Amino acid sequence: MPVAVPIGAAQWPARSLLGMLPLPARLELLRRGTEVRFDAGDVLLREGWDDRHVLLLLSGFVKVTATVENGETSLLAVRAGGDTVGEMAAMDGAPRSATVTACGPLTARRISAETLRELLLSRPEISLALTGIVANRLRWANRRRLDFRGYPAKARLARLLVELADCYGTERADGVEIGCSLTQPELATMVGAAETTIHKVLSDLRKDRVLKTGYRTTTILNLPRLTGLADLTPPLP
């Protein structure tokens, strides 16, 4: 099936799979599978399901959530165009470990587990890039656990926002815009803090002109200041 989107690497974040791949491998990946579309709130993948395909996001944002033992839903991650979702089940055959929900309209390519395995064997560039991404996601999860123990809520939220800006931010005249909509309860689950605490931290950051929030967007107005609050040394590793 013809590729219906621009194929340049600049179309996707540099740390995403499509952003990392050289052009021949990117073209090969984009030719596989079938294009599918989702609207805001649509479930792309469901925790516990036994389907095995992987979705290659071409545009938009998704939220990755899972249910914890007390029945509450926890936000695990955000993914954007250029990323894959569902690759773990496609690679190891286990049931889905999380639910993936569209934050807005998006397009993706649905690639079967068999096709993915064929690509990983025939295109070492794809195999190495995807392995590196999975390793980075594990490293990110480990950092979150350390953050919970080593930093107060304000620093944890700042670290999360800096990472989102680094991976998915878009330069604007007034700062760096993170174009994914995260509610205060979702931010609270990602940084392990009470919703009331996140509300106060965001209010303080807006008051200090470090960031501003709008419909489905957060814009970081002073990235160096936020990076300092996060106890990070730019550039982000």
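Just so we're clear, the structure is a prediction, and the values are computed from it rather than from any experiment.
Hydrophobic clustering (side-chain heavy atoms under 4.5 Å, transitive across Ile, Leu, Val, Met, Phe, Trp, Tyr) groups M91 together with L29. The same ILVMFWY cluster, assembled from side-chain heavy atoms under 4.5 Å apart, contains both L223 and L211. Cluster membership check: Y151 does not share its hydrophobic cluster with L160, using side-chain heavy-atom separations under 4.5 Å among Ile, Leu, Val, Met, Phe, Trp and Tyr. Both L164 and V162 belong to a common hydrophobic cluster when Ile, Leu, Val, Met, Phe, Trp and Tyr are linked at side-chain heavy-atom distances under 4.5 angstrom. Under the 4.5 Å side-chain heavy-atom criterion for Ile, Leu, Val, Met, Phe, Trp and Tyr, L21 and L120 are members of the same hydrophobic cluster.
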Given the rule in the side chain to side chain donor-acceptor pair (under 3.5 Å) test, do R139 and N136 qualify, once you have shown the distances and angles that lead to the verdict? CA-CA 5 Å; R139 189 177 295 113; N136 284 336; 2.6 Å; yes
For T218 and L202, what are the C-alpha separation, side-chain angles and deciding distance, and is it a side-chain contact (heavy atoms from CB on, under 4.5 Å)? CA-CA 11 Å; T218 296; L202 287 173; over 6 Å; no
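The closest donor-acceptor contact from the side chain of T131 to the backbone of S127 lies under 3.5 Å. Side-chain atoms of R52 come within 3.5 Å of backbone atoms of G93 as a donor-acceptor pair (strictly under, hydrogens ignored). Panel note: side chain T99, backbone E47; a donor-acceptor pair is recorded below 3.5 Å.
Closest heavy-atom contact between W12 and G82: CD1-N, 3.2 Å. Shortest non-hydrogen contact noted between A89 and A94 is CB-O, 3.4 Å. The shortest heavy-atom contact between V54 and G86 is CG2-C, 4.1 Å. Here the shortest heavy-atom pairing between P95 and G48 reads CB-O, 3.8 Å. Considering all non-hydrogen atoms of both residues, A113 and A90 come closest at CB-O, 3.7 Å. Taking every heavy atom of both residues into account, S74 and T189 meet most closely at OG-CB, 4.1 Å.
In this structure, CH2 on W140 lies 15.0 Å from CD1 on I133, to the nearest 0.5 angstrom. In this structure, R32 CZ and L119 CG are separated by 4.5 Å, a value rounded to the nearest 0.5 Å. Interatomic distance, CG of D83 versus CZ of F61, reported as 9.5 Å (0.5 Å rounding). The distance from the CD atom of E163 to the CD1 atom of I178 is 10.5 Å, given to the nearest 0.5 Å. One distance of note links CD1 of I111 with OG1 of T84; it measures 9.0 Å at 0.5 Å rounding. A distance of 5.0 Å separates CD1 of I220 from CG of L226, quoted to the nearest 0.5 Å.
Contacts of T73 classified as side chain to side chain contact (heavy atoms under 4.5 Å, CB included), with partners at least two apart in sequence or in another chain: T65, T67. The side-chain hydrogen bond (donor to acceptor under 3.5 Å, both in side chains) search around S59 returns T107, not counting sequence neighbours. Legend: residues meeting salt bridge (charged side-chain N to carboxylate O under 4.0 Å, His left out) with D174, ordered by chain and number and at least two apart, are K212. For the side-chain hydrogen bond (donor to acceptor under 3.5 Å, both in side chains) test, no residue two or more places apart in sequence or in another chain qualifies with D208. With sequence neighbours excluded, the residues that form a salt bridge (charged side-chain N to carboxylate O under 4.0 Å, His left out) with D51 are R96. Residues satisfying the salt bridge (charged side-chain N to carboxylate O under 4.0 Å, His left out) test with E125, not counting sequence neighbours, are R123. In this structure, R46 has no salt bridge (charged side-chain N to carboxylate O under 4.0 Å, His left out) partners at least two apart in sequence or on a different chain. With sequence neighbours left out, the side-chain hydrogen bond (donor to acceptor under 3.5 Å, both in side chains) criterion links N222 to no other residue. The side chain to side chain contact (heavy atoms under 4.5 Å, CB included) test applied to E177 returns R172, T217, T219, not counting sequence neighbours. With sequence neighbours excluded, the residues that form a side-chain hydrogen bond (donor to acceptor under 3.5 Å, both in side chains) with R206 are T213. A search for side chain to side chain contact (heavy atoms under 4.5 Å, CB included) contacts involving R110 returns T34, V36, H53, L55, not counting sequence neighbours.
Contact of the R26 side chain with the L23 side chain is registered, since non-hydrogen atoms from C-beta on lie closer than 4.5 Å. Two residues are said to be in side-chain contact when any heavy atoms from C-beta on lie closer than 4.5 Å; R137 and M88 fail this criterion. Counting heavy atoms from C-beta outward, D204 and V210 have side chains that stay 4.5 Å or more apart. Side-chain contact between L58 and L18 is present, with heavy atoms from C-beta onward closer than 4.5 Å.
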Can you give the donor-acceptor pairs under 3.5 Å from side chains of residues 190-197 to other protein atoms, not counting sequence neighbours?
none

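A salt bridge links D166 with R15; the closest basic N to acidic carboxylate O contact falls under 4.0 Å.
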